[in-house]
Novice: 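Once you've had a glance at the structure underneath, I'll fire off some questions.
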Amino acid sequence: MLRLMVLLAAALALAACQSGRRAPAPVTPQQAVLTVPAGAQSITVRANPDVVRQTIVANATQRGTPIAQNQPNMVVLERTVSDPIPALDKEFGPSNNGVRKFRIRVRFQGEACKTLVVQDVFVINNAGTALEQVFSLTQPQYNNRDSLVGLKAKAESAATCL
C-alpha cells in the first residue's frame with residue numbers, strides 16, 4: 001500500500017511538472033537582407049514597400065510596359081528590343097533565333113518610411129526559345145539611375161511620410 005501511494009504521488013508530481021511546460025514559440029522565418037550586387041542601382045525611398053510596388057506597377061501600366069512578375073517585394077518588367085543594338089551584338093552575340101528583351105528587376109525591402117530599392121537590368125537573347133541566354137548588364141548606360149530617382153519622387157509623393 002505504501003508503495004502504491006509513493007508511486008501515485010510520483011505520477012502526480014510528474015503530471016504537475018509537465019502541465020506547467022509551455023509549447024515552444026513558433027519560429028518565424030527571417031527575411032533575407034536585400035543586397036546590391038555589382039552593376040545594380042539602389043536608392044532609399046521614404047515610403048513603405050507596398051507604396052513602392054504600387055508606384056512601379058502604375059508606371060509600367062501607364063507606359064504599356066509588360067509586367068513579368070508582380071510580387072510583394074519584387075516587380076520584374078520586360079521590354080522587347082525592336083531596334084538593333086550593335087553594342088549588345090558585339091558583347092553578347094546576336095539574338096538571331098528569337099527576340100531580344102530587356103528584363104528590369106526591381107527588388108525592395110523596408111518598413112514604413114524607409115525602403116531600399118535595388119534595380120538590376122538583364123538582356124535576354126533569343127527570348128522564349130531553347131537557345132535563350134540571359135546576361136546581366138552592369139554598364140551605367142543600360143541601368144540608368146534616373147528611373148530610380150523618378151520612382152523615388154512618385155512613391156514619396158504618394159506616401160504619408162514626413
Side-chain angles (χ1 to χ4, degrees), residues 23-162:
V27 177
T28 56
Q30 289 280 351
Q31 188 174 18
V33 175
L34 185 60
T35 59
V36 182
Q41 297 288 343
S42 67
I43 199 163
T44 301
V45 179
R46 286 188 356 238
N48 70 44
D50 193 50
V51 169
V52 170
R53 185 187 61 74
Q54 290 173 11
T55 303
I56 295 167
V57 170
N59 286 343
T61 302
Q62 181 181 14
R63 292 181 179 171
T65 303
I67 299 171
Q69 289 182 31
N70 183 357
Q71 298 175 353
N73 289 88
M74 178 176 68
V75 175
V76 178
L77 311 169
E78 284 190 351
R79 192 173 20 170
T80 300
V81 179
S82 54
D83 297 327
I85 303 176
L88 292 178
D89 287 343
K90 183 177 179 184
E91 187 165 352
F92 303 111
S95 186
N96 53 6
N97 290 305
V99 298
R100 177 177 277 157
K101 292 183 177 186
F102 282 119
R103 180 177 293 156
I104 301 104
R105 179 178 68 172
V106 186
R107 296 174 294 140
F108 36 92
Q109 183 179 54
E111 53 198 38
C113 300
K114 187 175 181 185
T115 299
L116 174 63
V117 180
V118 178
Q119 176 178 281
D120 309 86
V121 178
F122 304 88
V123 67
I124 307 170
N125 280 352
N126 305 311
T129 72
L131 300 173
E132 182 175 284
Q133 295 175 300
V134 180
F135 303 97
S136 177
L137 296 177
T138 57
Q139 302 88 343
Q141 69 267 27
Y142 298 119
N143 191 2
N144 193 321
R145 186 170 169 80
D146 293 345
S147 62
L148 283 181
V149 172
L151 168 64
K152 175 181 173 73
K154 287 181 180 181
E156 288 179 353
S157 70
T160 58
C161 301
L162 299 176

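Computed from a predicted structure; not experimentally measured. These numbers come from the heavy atoms of this one structure, side chains and all, not from hydrogens, waters or symmetry mates.
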Novice: V76 versus F122: any side-chain heavy-atom pair under 4.5 Å?
Specialist: no

Novice: Hey, could you give me each pair passing salt bridge (Lys or Arg N to Asp or Glu O under 4.0 Å) that has a residue in residues 51-77? Not counting sequence neighbours.
Specialist: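 Of all non-adjacent pairs touching residues 51-77, those that pass salt bridge (Lys or Arg N to Asp or Glu O under 4.0 Å) are D50-R53.
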
Novice: Measuring from atom CG of D120 to atom CE of M74, what distance do you get when rounded to the nearest 0.5 angstrom?
Specialist: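 Reported to 0.5 Å precision, the distance equals 10.0 Å.
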
Novice: Please list all pairs meeting side chain to side chain donor-acceptor pair (under 3.5 Å) that have one or both residues in residues 110-119, counting only residues at least two apart or in different chains.
Specialist: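 Every side chain to side chain donor-acceptor pair (under 3.5 Å) pair that includes a residue of residues 110-119, provided the two are not neighbours, is Q119-N143, Q119-S147.
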
Novice: What closest approach, in Å, do T129 and G98 show between heavy atoms, and which atom pair accounts for it?
Specialist: CG2-CA, 4.1 Å

Novice: Backbone N or O of N97 within a donor-acceptor pair of the N126 side chain at under 3.5 Å?
Specialist: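 Pair found, side chain donor or acceptor close to backbone of N97.
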
Novice: Minimum heavy-atom separation for K154 and T55, please, with both atom names.
Specialist: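 The pair with the smallest heavy-atom distance is CB-CG2, 3.7 Å.
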
Novice: For S42 and V36, work out which heavy atoms get closest and say how close.
Specialist: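 Distance-wise, the nearest heavy atoms are CB-CG2, 3.8 Å.
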
Novice: As an exercise, state the distance from CD1 of I67 to OG1 of T61, rounded to the nearest 0.5 Å.
Specialist: 4.5 Å

Novice: L88 versus Y142: any side-chain heavy-atom pair under 4.5 Å?
Specialist: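 Result yes, sub-4.5 Å side-chain heavy-atom pair found.
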
Novice: Which heavy atom in A159 sits nearest to a heavy atom in A47, and how many Å separate them?
Specialist: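 Taking every non-hydrogen atom into account, CB-CB, 3.6 Å.
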
Novice: Find the distance between CG (N144) and CD (Q139) and round it off to the nearest 0.5 Å.
Specialist: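 Rounded to the nearest 0.5 Å, the CG-CD separation comes out at 13.0 Å.
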
Novice: Under 3.5 Å, side chain of N125 to main-chain N/O of F92, donor-acceptor pair present?
Specialist: yes

Novice: Please tabulate, for the side chains in residues 77-85, all donor-acceptor contacts under 3.5 angstrom to protein atoms that are two or more places apart in sequence or on a different chain.
Specialist:
{"unit_1": "E78", "atom_1": "OE2", "unit_2": "R103", "atom_2": "NE", "d": "2.8"}
{"unit_1": "E78", "atom_1": "OE2", "unit_2": "R103", "atom_2": "NH2", "d": "2.8"}

Novice: Would you say N73's side chain and F108's backbone share a donor-acceptor pair under 3.5 angstrom?
Specialist: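 Yes: the side chain of N73 pairs with the backbone of F108.
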
Novice: If you measure from NZ on K101 to CD1 on I124, what distance do you get to the nearest 0.5 Å?
Specialist: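 One gets 6.5 Å once the value is rounded to the nearest 0.5 Å.
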
Novice: Return the OG to NZ distance between S157 and K152, rounded to the nearest 0.5 Å.
Specialist: 11.5 Å

Novice: Check whether any side-chain heavy atom of V51 lies under 4.5 Å from a side-chain heavy atom of N48, and answer yes or no.
Specialist: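 Contact flag for V51/N48 side chains = yes.
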
